[in-house]
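Counting convention: from 1, in listed order, for ligands and their atoms alike. Only heavy atoms go into these numbers, but all of them, side chains included; no hydrogens, no water, no symmetry mates.
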Amino acid sequence: MDQDCIFCKIAQGSIPSSTIYEDDMFRVILDLSPAAAGHALVLPKKHFRNIFDIDEATASRLFVVAAKVARAMKASLNCDGMNIVQNNEEIAGQTVFHFHLHIIPRYKDDGQVIAWKPGSAKPEELQSIAAKIKVAMNE
Ligand code: 5GP
Ligand code: ZN
């Protein structure tokens with residue numbers, strides 16, 4: 001636990017939150033500034049800054065919890081779709097530096113835009129990038 005981290009305090013239960021799910025590894029809460037009704041955050045109880053330092057046990061359990069929450073939201077809120085978003089570092093929009101996964105139910109005409117500008121790449125550029133990543137994957 002990081003003493004200065006608000007999500008550590010929320011995850012541990014020392015700051016109250018609208019909790020929708022809790023187990024030994026995670027607390028799932030409603031976001032204070034929701035993009036849409038039901039916008040939730042999956043918080044590991046252990047402190048990780050983001051994807052770059054999350055441990056394997058937490059990472060491998062994360063989507064089991066996310067899928068459980070997603071299905072419960074679909075059943076209870078009758079949403080039409082859902083975005084799963086996870087920001088890492090400031091450049092990517094991270095504002096709270098304790099790993100969290102956004103689960104954002106989507107509704108027809110909710111007016112939200114969660115998007116990127118599609119770019120373009122030549123096949124040889126894709127191959128060169130893939131080759132670099134593959135080398136690092138094996139390190
Ligand atoms: P990020 O931009 O880091 O991916 O997302 C941080 C999210 O945390 C934002 O959607 C913001 O509304 C939410 N948030 C920040 N502080 C609190 C808080 O104290 N309680 C809750 N429930 N959500 C928070
Ligand atoms: Zn923390």
Side-chain angles (χ1 to χ4, degrees):
M1 161 142 184
D2 177 335
Q3 296 301 329
D4 300 322
C5 173
I6 181 143
F7 279 6
C8 274
K9 291 177 185 145
I10 292 174
Q12 299 295 335
S14 56
I15 292 181
S17 62
S18 300
T19 295
I20 57 178
Y21 175 81
E22 184 181 4
D23 62 23
D24 55 329
M25 221 180 239
F26 298 98
R27 180 186 294 270
V28 185
I29 64 168
L30 293 185
D31 196 294
L32 271 187
S33 308
H39 182 168
L41 303 172
V42 183
L43 310 181
K45 291 188 172 177
K46 264 195 189 167
H47 181 88
F48 304 102
R49 178 179 172 89
N50 54 36
I51 193 81
F52 300 119
D53 67 343
I54 195 169
D55 70 17
E56 201 164 321
T58 307
S60 53
R61 177 97 190 130
L62 182 68
F63 260 78
V64 175
V65 172
K68 194 176 168 72
V69 170
R71 286 190 288 263
M73 281 186 183
K74 188 155 174 49
S76 59
L77 304 178
N78 208 24
C79 53
D80 301 304
M82 187 161 282
N83 289 110
I84 306 287
V85 178
Q86 201 272 310
N87 301 324
N88 301 282
E89 300 299 341
E90 217 170 299
I91 185 69
Q94 186 175 10
T95 58
V96 179
F97 293 90
H98 174 123
F99 181 99
H100 52 281
L101 188 74
H102 293 261
I103 300 181
I104 307 175
R106 299 299 304 275
Y107 305 90
K108 282 190 186 86
D109 305 320
D110 63 19
Q112 286 292 348
V113 182
I114 298 169
W116 59 86
K117 257 189 331 196
S120 62
K122 297 190 180 96
E124 56 271 27
E125 289 168 339
L126 297 180
Q127 272 174 18
S128 149
I129 292 166
K132 277 189 206 166
I133 300 169
K134 274 163 78 176
V135 168
M137 294 289 292
N138 295 319
E139 278 168 3

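Put simply, V42 and V85 are part of two different groups of oily side chains (I, L, V, M, F, W, Y) that touch within less than 4.5 Å, one to the next.
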message = Using side-chain hydrogen bond (donor to acceptor under 3.5 Å, both in side chains), reason through D23 and Y21 one step at a time and then give a plain yes or no.
response = CA-CA 7 Å; D23 62 23; Y21 175 81; 2.8 Å; yes

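Crowding of E90 atom CD: a count of heavy atoms from other residues, nucleotides or ligands under 6.0 Å not exceeding 12. Atom NZ of K46 has 12 or fewer neighbouring heavy atoms from other residues, nucleotides or ligands inside a 6.0 Å radius. In the displayed structure, E56 atom CD is contacted under 6.0 Å by at most 12 heavy atoms of other residues, nucleotides or ligands. When the shell of 6.0 Å around CG of L126 is examined, it contains more than 12 heavy atoms from other residues, nucleotides or ligands.
At the Zn ion (ligand 2), the angle from SG in C5 to ND1 in H98 is 100° when rounded to 10°.
Of the heavy atoms in V85, none comes closer than 4.0 Å to ligand 1. Counting heavy atoms under 4.0 Å from ligand 1, residue H102 touches it through the side chain alone.
Looking at H39 next to ligand 1, no N or O pair under 3.5 Å apart turns up.
Taking the Zn ion (ligand 2) as reference, H47 places its N/O/S atom ND1 nearest.
Less than 4.0 angstrom separates some heavy atom of H100 from each of these atoms of ligand 1: 1 (P), 3 (O), 4 (O), 5 (O), 6 (C). Listed by number with element, the atoms of ligand 1 under 4.0 Å from a non-hydrogen atom of Q94 are 3 (O). For ligand 1, the atoms lying closer than 4.0 Å to a non-hydrogen atom of S33 are 12 (O). Per-residue contacts place I6 under 4.0 angstrom from the following atoms of ligand 1 (heavy atoms of the residue considered): 19 (O). Near T95, meaning under 4.0 Å from one of its heavy atoms, ligand 1 places the atoms 1 (P), 2 (O), 3 (O), 5 (O), 6 (C). Remark: ligand 1 atoms within the under-4.0 Å shell around heavy atoms of I10 are 18 (C), 19 (O), 20 (N).
Judged by distance alone, with hydrogens and angles left aside, the side-chain atoms of N88 form no donor-acceptor pair with the main-chain N or O of N50 at under 3.5 Å.
Nearest to atom 18 (C) of ligand 1 among the protein's heavy atoms is L32 CD1, 3.5 Å. In terms of protein heavy-atom proximity, atom 17 (C) of ligand 1 is nearest to F7 CE1, 3.8 Å. The single protein non-hydrogen atom nearest to atom 22 (N) of ligand 1 is L30 O, 2.9 Å, given as residue, atom name and distance.
Summarising the geometry, atom CD1 belonging to I29 is positioned 7.0 Å from atom OG1 belonging to T19; distances are rounded to the nearest 0.5 Å. If you take CG on L101 and CG on L62, they are separated by 5.0 Å, rounding to the nearest 0.5 Å.
Aromatic ring centres of H102 and H100 lie closer together than 6.0 Å.
Proximity of G93 to ligand 1 is established by a heavy-atom distance of less than 4.0 Å.
Across I15, D31, V96, heavy-atom proximity to atom 15 (C) of ligand 1 is greatest for V96.
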